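Just so we're clear, the structure is a prediction, and the values are computed from it rather than from any experiment.
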Amino acid sequence: MPDHTEAAALIALLRAGKRPWSEYAALVEEAGSAVAVLEREHDAEPAMLFDEDRPLDQLEQIAAEIDAWDADGMRLHTVLDPGYPENLRAVHDRPPFVFVAGSMAPADGRAIAVVGARVASPQGVRAAGAIAEHLVDQGYTVVSGLATGIDHGAHSAALARGGRTLAVVGTGLRRSYPPQHAELQRRIAAEGAVISQFWPDAPPSRRSFPMRNAVMSGLSLATVVVEASTTSGSRIQARLALEHGRPVFLLESLLEQDWAKEFATRPGARVIRSPDEVTTFIERLTSPGALVG
């Protein structure tokens, strides 16, 4: 059986600790050990974490939970694991762990997010599909959020093209949201990966979806916004992507909206008319000798 001591210690910290989760991610990476951070916090303020004298006493029980999750097809990757996605590791608000149904692949380092409105126009869905097909043809992994509308169009087109796609969800992996996408979620897990930063049984919430957008951005070299209203989560993702230092591409049709006009003026945002403009720019940005920043 694998040794889950470090992962169990991280879970113990997150369940009982008082700090923001992103702060624990940084502390654990800096120390190189969740056990060390757990013991240090227990020694500093024992009542904050556990009733027992030794915080390590609970780790065996948590390790058994990790084995059960793994048996259910939900692999846990913490920030200390080599399997934690490298693109995500590079952003400041990375989660301390992700659950993965399916498998990540080396090719997923070349991932681009395609996002947009849940209530999308037929033209928008077609545009999302065309972008996803082009990305697959150019050897990229398509990332989206398993929602209706643009997300569904991007995932479906990538699968139909025989490419890889990653779904980042705003619930735990034991749930499907929206429910009608349960079969699509299973197919993505079989052919790519479904990723969650939430406990396996976590329900959807207003807070979870913006957090999901941050992970989508972190996993991706860039974000393409196809359709989005002022209040859309895709607009949130565009803002987060720029904070991550990742390019944002806005379809020209978005400029009918005031928010997109303003956003297009920000450094790092670009207006595009065709899918090849995305890959041309990314290839230039990531080519040997390119200055990325």
Under 4.5 Å between side-chain heavy atoms, counting indirect links through other Ile/Leu/Val/Met/Phe/Trp/Tyr residues: same cluster for Met216 and Tyr177 or not? no

Do you reckon Leu27 sits in the same ILVMFWY cluster as Leu13, going by side-chain contacts under 4.5 Å, direct or chained? yes

So does Ser234 get a backbone contact from the side chain of Ser232, meaning a donor-acceptor N/O pair under 3.5 Å? yes

For the pair Thr280 (side chain) and Glu277 (backbone), establish whether a donor and an acceptor sit closer than 3.5 Å, ignoring hydrogens and angles. no

Do the side chains of Arg174 and Asp72 get close enough for a salt bridge, i.e. N-O under 4.0 angstrom? yes

Indicate if Leu250 and Val115 have the same hydrophobic cluster label, given that clusters are the connected sets of ILVMFWY residues with side-chain heavy-atom separations under 4.5 angstrom. yes

Transitively linked via ILVMFWY side-chain contacts under 4.5 Å: Leu166 with Met74? yes

Looking only at side chains, do Asp276 and His134 share a donor and an acceptor under 3.5 Å apart? no

Sub-3.5 Å donor-acceptor pair from the side chain of Ser220 to the main-chain atoms of Thr223, do we have one? no

Sub-3.5 Å donor-acceptor pair from the side chain of Thr165 to the main-chain atoms of Val142, do we have one? yes

Are any of the side-chain nitrogens in Arg187 or Glu191 under 4.0 Å away from the carboxylate oxygens of its partner? yes

Pairwise distance CD(Gln138) to OG1(Thr279) - rounded to 0.5 angstrom: 5.0 Å

Does the pair Glu29/Arg94 count as a salt bridge with the N-to-O cut at 4.0 Å? yes

Okay, side chain of Arg246, backbone of Gly218: is any donor-acceptor separation there less than 3.5 Å? yes

Lys18/Glu23 ion pair, N-O < 4.0 Å: no

CD/Gln58 to CD/Gln61 distance, rounded to the nearest 0.5 angstrom? 6.5 Å

Classify the ring geometry between Phe97 and Trp199 as parallel (under 30°), tilted (30 to 60°) or perpendicular (over 60°). tilted

Will you find, in the side chains of Gln257 and Thr230, an N or O donor that is under 3.5 Å from an N or O acceptor? no

Side-chain donor/acceptor of Gln237 to backbone N/O of Gly233, under 3.5 Å: no

Applying the salt bridge (charged side-chain N to carboxylate O under 4.0 Å, His left out) test to Glu252, which of Arg273, Arg270, Lys261 qualifies? Arg273

May I ask you to say whether Asp201 pairs ionically with Arg175, meaning some side-chain N is under 4.0 Å from a carboxylate O? no

Check Arg126 with Glu227, please: is the shortest side-chain N to carboxylate O separation under 4.0 Å? no

